[in-house]
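Taking it in order: structure first as C-alpha cells, then the write-up.
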Amino acid sequence: MASTLAPHATPVLGEEVTVGPPVRRVGQTVHVVRDLRSDGYFQVSPREAFVLARLDGTQTFGQIEEDYEAEFGKALADASWHQLMGLLYTRRLLVPPGESPQASQTAYDRLREQNTAGRATPARLTRVRLPLIDPGAAIGWLQRRAAWLLHPATAAVAGVLVLLMLATVGAHLPALWEGYADSWTSAPLSVAVGVVVVLLSLVVHEFTHAVTCVQFGGRCREIGLSWRFPLVTVYTKVEDIYLVSHRWQRVVVSLSGVLAGLVVLLPVFVTWLLVPAGHPVADTCVVVLILGAMAQLVNLVPVLGLDGQKALSHALGVWDIAAESRSWWKAVLRRGPIPAASGAARWVVPVYGLVVMILLSVVTLWTLWVAGHLLLTGEVPW
C-alpha cells in the first residue's frame, strides 16, 4: 500500500551530501554518508542508503517506494518515511522548512565544531596522533598540476622501475647490509643524509595518499605524526576513502604512498650503480637505500594497522580486517553467530586472525628468550 506521501516530490539532499558504496563492518553492510555543510560523517544501512541516493528532487515518494519494494521486497509506509525524514532533519542532512539562511549557517557551524571534536583520536599508551597541517589547499594544487603522475601508465612504469631497484638491492643485500651496519658507527654523515632522505620520502608518501584520494573524489584535511606501537610514522587522514566508489580505487589510495616513497629512492639507486664501490658517495647511497626501503616496505606488513592492512581490507570490501577477524574468532570461541562475509573475505578473515595469533606468540616467546638470556649471561644472544 502506497504512503500518503506517494504523489509528492521528495526533498533534495543537495550536492553537499554524498552517499558512499557498501562496506562490510563486523558482519553488517554499511554506507558512509558525508555532509560538507556540517563536516559530518554517518553510517547508514543499505536500505537507508538506497533511499538517500534517490532524494534528488526528480522523483516522487511513490516512485521511490516502488523501487524500494522491488529491491527489498518490503513496502515503505508512512511510519518508515516519518522515521527517516526525522533522522535526516535531526542530522541536518535536510534543512528544516522555513529556516532562515543565517540560522542554518549558525546550526551548521555548531555541528561542524562538534563533529571535528568528536573525530579526534583519543591518546592511548600504544597510539597517539599529533596533527601538524591541513594540506587541503596544497593537495588541490598538486592534484590539478600532477594528475598525469597518477595515470595508470605512469604508475606501471614507476612500479617496474621500483621492482628492478628492490630486486637488485635484494640480490646484493648481504654485502650491502654489512656496509649499512658499519655506517652507523663509522659514517655518521651518511646516516644523517639517509635520515633526511627517508623523511623526504615519508612526506612524499603521505602527500601521495592525499593526492590520490582527491583524484578519486575524496578529500584530505590532516597530516601529522603518529605513535603506533612500536612505530613512529607520518599519517594522512583520508576519511573520504570510504566514499570512493570502487574498492580497487581505495586499494590504490592505500598503496600509492609506498610506491611514491620508493620512487624517491630511484635517483639514489642510479647513483649507487654509477659510483665505484667503496666511494663515500656509494656508501651514503647504501645507507639511504636500505633505510629508505625499510621505512617504506614496513608499511606493507598487513598486521601493523598501516597501508598493507588497509589495502587488504579494501580489497576484501571490509572496513578493517583486524576488527573483522577479532569478531569472527570471538564468535567461534563463544559459539555464537558468526558474522557474515562474502567472497574471499569468508576465508581470508579467519586465516588472518590465525596468522596474527601465531606471529604474536612467536614474537612473545622470542622476546622472553632474549630477555632470559640477557639476564642470565649479561649478553644478547647474537
Side-chain angles (χ1 to χ4, degrees), residues 139 142-177 179-180 193-194 196-216 218 220 233-234 236 238 241 244-277 281-304 306-316 344 348:
I139 295 302
L142 284 171
Q143 191 273 331
R144 290 190 297 271
R145 287 162 178 77
W148 64 273
L149 292 173
L150 303 177
H151 192 279
T154 307
V157 172
V160 170
L161 293 176
V162 163
L163 288 175
L164 287 173
M165 176 183 69
L166 294 177
T168 305
V169 171
H172 298 82
L173 189 57
L176 293 179
W177 186 264
Y180 166 77
V193 172
V196 170
V197 175
V198 167
L199 291 176
L200 173 62
S201 71
L202 290 175
V203 171
V204 172
H205 175 126
E206 298 305 328
F207 268 85
T208 304
H209 280 315
V211 172
T212 310
C213 189
V214 171
Q215 179 78 0
F216 292 135
C220 172
T233 63
V234 183
T236 301
V238 284
I241 194 169
V244 174
S245 300
H246 302 291
R247 68 171 64 177
W248 291 110
Q249 290 177 336
R250 301 196 289 274
V251 172
V252 169
V253 172
S254 298
L255 296 181
S256 60
V258 173
L259 177 60
L262 291 171
V263 166
V264 172
L265 302 179
L266 286 174
V268 180
F269 172 66
V270 173
T271 304
W272 172 69
L273 291 177
L274 297 177
V275 176
V281 172
D283 294 338
T284 301
C285 289
V286 168
V287 174
V288 172
L289 287 173
I290 298 295
L291 197 58
M294 288 193 301
Q296 296 299 328
L297 294 179
V298 71
N299 282 275
L300 298 181
V301 179
V303 297
L304 296 176
L306 301 175
D307 296 338
Q309 182 173 317
K310 294 173 184 176
L312 180 58
S313 300
H314 293 313
L316 295 172
V348 175

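Just the heavy atoms: all of them, side chains too, but no hydrogens, waters or symmetry mates, feed the values below. We're numbering straight along the sequence, starting at 1.
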What's the separation between atom [atom1] in [X] and atom [atom2] in [Y], rounded to the nearest 0.5 Å?
X	Y	atom1	atom2	result
Phe207	Cys220	CZ	SG	8.0 Å
Phe269	Leu164	CZ	CG	7.5 Å
Leu173	Leu289	CG	CG	11.0 Å
His314	Gln249	NE2	CD	12.0 Å
Leu265	Ile290	CG	CD1	10.5 Å

Got [X] and [Y] here, is their nearest side-chain heavy-atom distance under 4.5 Å?
X	Y	answer
Val193	Val287	no
Val198	Leu202	yes
Val301	Leu306	no
Asn299	His205	yes
Ile241	Lys310	no
Trp272	Thr168	yes
Leu300	Leu255	yes
Leu262	Leu166	yes

Exercise for review: Look only at the side chain of His246 and the backbone of Trp248, and say whether a donor-acceptor pair between them is shorter than 3.5 Å.
Suggested key: no
Over all heavy atoms of both residues, which pair between [X] and [Y] is shortest? Give the atoms and the distance, please.
X	Y	result
Val253	His209	O-ND1, 2.6 Å
Cys285	Thr271	SG-CG2, 3.7 Å
Leu312	Pro302	CD2-CB, 4.3 Å
Ala158	Val263	CB-CG2, 3.9 Å
Val251	Ala315	CG2-N, 3.5 Å
Thr212	Ser256	OG1-OG, 3.2 Å

Practice item. Please identify each residue that fulfils side-chain hydrogen bond (donor to acceptor under 3.5 Å, both in side chains) with Ser201, with sequence neighbours left out. Key: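 For Ser201, the residues satisfying side-chain hydrogen bond (donor to acceptor under 3.5 Å, both in side chains) (neighbours in sequence not counted) are Gln296.
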